[in-house]
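Just below is one structure, and these are the notes that go with it.
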Amino acid sequence: PLRPGMDHHCIWIGNCVGLKNHKYFMLTVLYCSLLSLWAASTLLPDAFHAMQTMGLGTQFKYHYDPWHTAHLLIVVVVGFVIGLMSGIFFFQHLGMLARNITTIEKLEARRQLAAGNRAPKSYDRQRGPRANMEEVMGVSGMCSWWLPIPPSLPEPSYR
């Protein structure tokens, strides 16, 4: 059953995302994106060098065999794909968080519009983007929003 403050069930973390763990879900997606992009970008010069020296023998100080080059390219491509996809996912959830709507509400509105009906009105929780963000990320300031520390939450608006 859905409870107030429940956003969705996430198969990747194996848990429901709600008011008490929404901050940690957001940070997990953000950190996944940043780490994937960082790993891919730091391996990119090595992958370019491996492609340049492949098959040239001892002309260069470091020689990469074709398997090593293929592995580097796969890791770089997969890293960028995961980084970009999770980055898009993070900004999508950040937008929903700022508007104070859940994934379930967004999907229900999309389903209603596809059926030709008027989209249901979201719960009356619109207090502005900053207040909406503080409800999940904490009221102790924006610097602590991006750290994996327990948020100091305001009183929930649905009570």
Side-chain angles (χ1 to χ4, degrees), residues 1-48 51 69-159:
L2 297 179
R3 297 179 302 280
M6 179 181 165
D7 190 70
H8 67 283
H9 181 80
C10 179
I11 61 171
W12 304 110
I13 62 172
N15 203 354
C16 289
V17 176
L19 188 61
K20 302 260 187 211
N21 65 351
H22 201 168
K23 175 182 179 176
Y24 302 111
F25 168 76
M26 294 289 292
L27 292 179
T28 299
V29 175
L30 174 65
Y31 295 161
C32 173
S33 177
L34 293 177
L35 184 61
S36 297
L37 291 172
W38 176 79
S41 63
T42 57
L43 286 175
L44 195 58
D46 200 32
F48 282 141
M51 287 188 304
T69 304
H71 289 141
L72 273 174
L73 290 175
I74 289 170
V75 168
V76 167
V77 169
V78 169
F80 276 121
V81 167
I82 290 174
L84 291 175
M85 296 295 283
S86 57
I88 291 169
F89 189 64
F90 170 77
F91 283 109
Q92 178 186 11
H93 274 272
L94 191 64
M96 288 189 299
L97 186 61
R99 292 189 315 267
N100 206 5
I101 61 173
T102 66
T103 304
I104 295 170
E105 291 170 340
K106 183 176 181 178
L107 293 174
E108 178 62 25
R110 187 177 293 167
R111 188 180 68 79
Q112 291 291 332
L113 287 173
N117 300 330
R118 189 179 175 136
K121 191 78 171 156
S122 182
Y123 297 121
D124 188 21
R125 298 180 300 212
Q126 298 295 331
R127 298 181 320 258
R130 181 169 178 102
N132 292 337
M133 293 285 290
E134 286 176 346
E135 187 174 26
V136 171
M137 304 301 268
V139 293
S140 57
M142 289 181 67
C143 291
S144 67
W145 285 4
W146 312 112
L147 299 174
I149 56 175
S152 54
L153 297 175
E155 283 298 314
S157 61
Y158 57 80
R159 288 187 186 176

Between Asn132 and Ala98, which heavy-atom pair has the shortest distance, and what is it?
-> ND2-O, 2.8 Å
With Thr103, which residues qualify under side chain to side chain contact (heavy atoms under 4.5 Å, CB included), at least two apart?
-> Asp7, His8, His93, Met96, Leu107
Closest approach of Phe25 to Cys10 (non-hydrogen atoms, all atoms of both residues) = CE1-SG, 3.9 Å
Which pairs would a plain distance check flag for residues 27-37, meaning a side-chain donor or acceptor within less than 3.5 Å of a matching protein atom at least two apart in sequence or in another chain?
unit_1	atom_1	unit_2	atom_2	d
Thr28	OG1	Tyr24	O	2.7
Tyr31	OH	Trp146	O	2.5
Ser33	OG	Gly83	O	2.8
Ser33	OG	Gly87	N	3.4
Ser36	OG	Cys32	O	2.9

Identify, with sequence neighbours excluded, every residue that meets side chain to side chain contact (heavy atoms under 4.5 Å, CB included) alongside Val78.
-> Ile74, Ile82
From Thr69 atom OG1 to Phe48 atom CZ, the distance as rounded to the nearest 0.5 Å = 12.5 Å
Would you please name every residue forming a side chain to side chain contact (heavy atoms under 4.5 Å, CB included) with Val81, sequence neighbours left out?
-> Val77, Met85
If only atom types and distance count, is the side chain of Asn100 paired as donor or acceptor with the main-chain N or O of Ala131 below 3.5 Å?
-> no
Listed partners of Ser144 passing side-chain hydrogen bond (donor to acceptor under 3.5 Å, both in side chains), at least two apart = Ser140
Any chance you could lay out the side chain to side chain contact (heavy atoms under 4.5 Å, CB included) test for His9 and Ile104, step after step, and finish with the verdict?
-> CA-CA 10 Å; His9 181 80; Ile104 295 170; over 6 Å; no
For residues Pro45 and Ser41, report the shortest heavy-atom separation together with the two atoms involved.
-> CD-O, 3.3 Å
Side-chain (Asp46) to main-chain (Leu43) donor-acceptor, under 3.5 angstrom | no
Shortest non-hydrogen pair, Val76 vs Ala47, comes out as CG2-CB, 4.1 Å
With Leu97 via side chain to side chain contact (heavy atoms under 4.5 Å, CB included) - residues at least two apart | His22, Met26, Met133, Val136, Met137
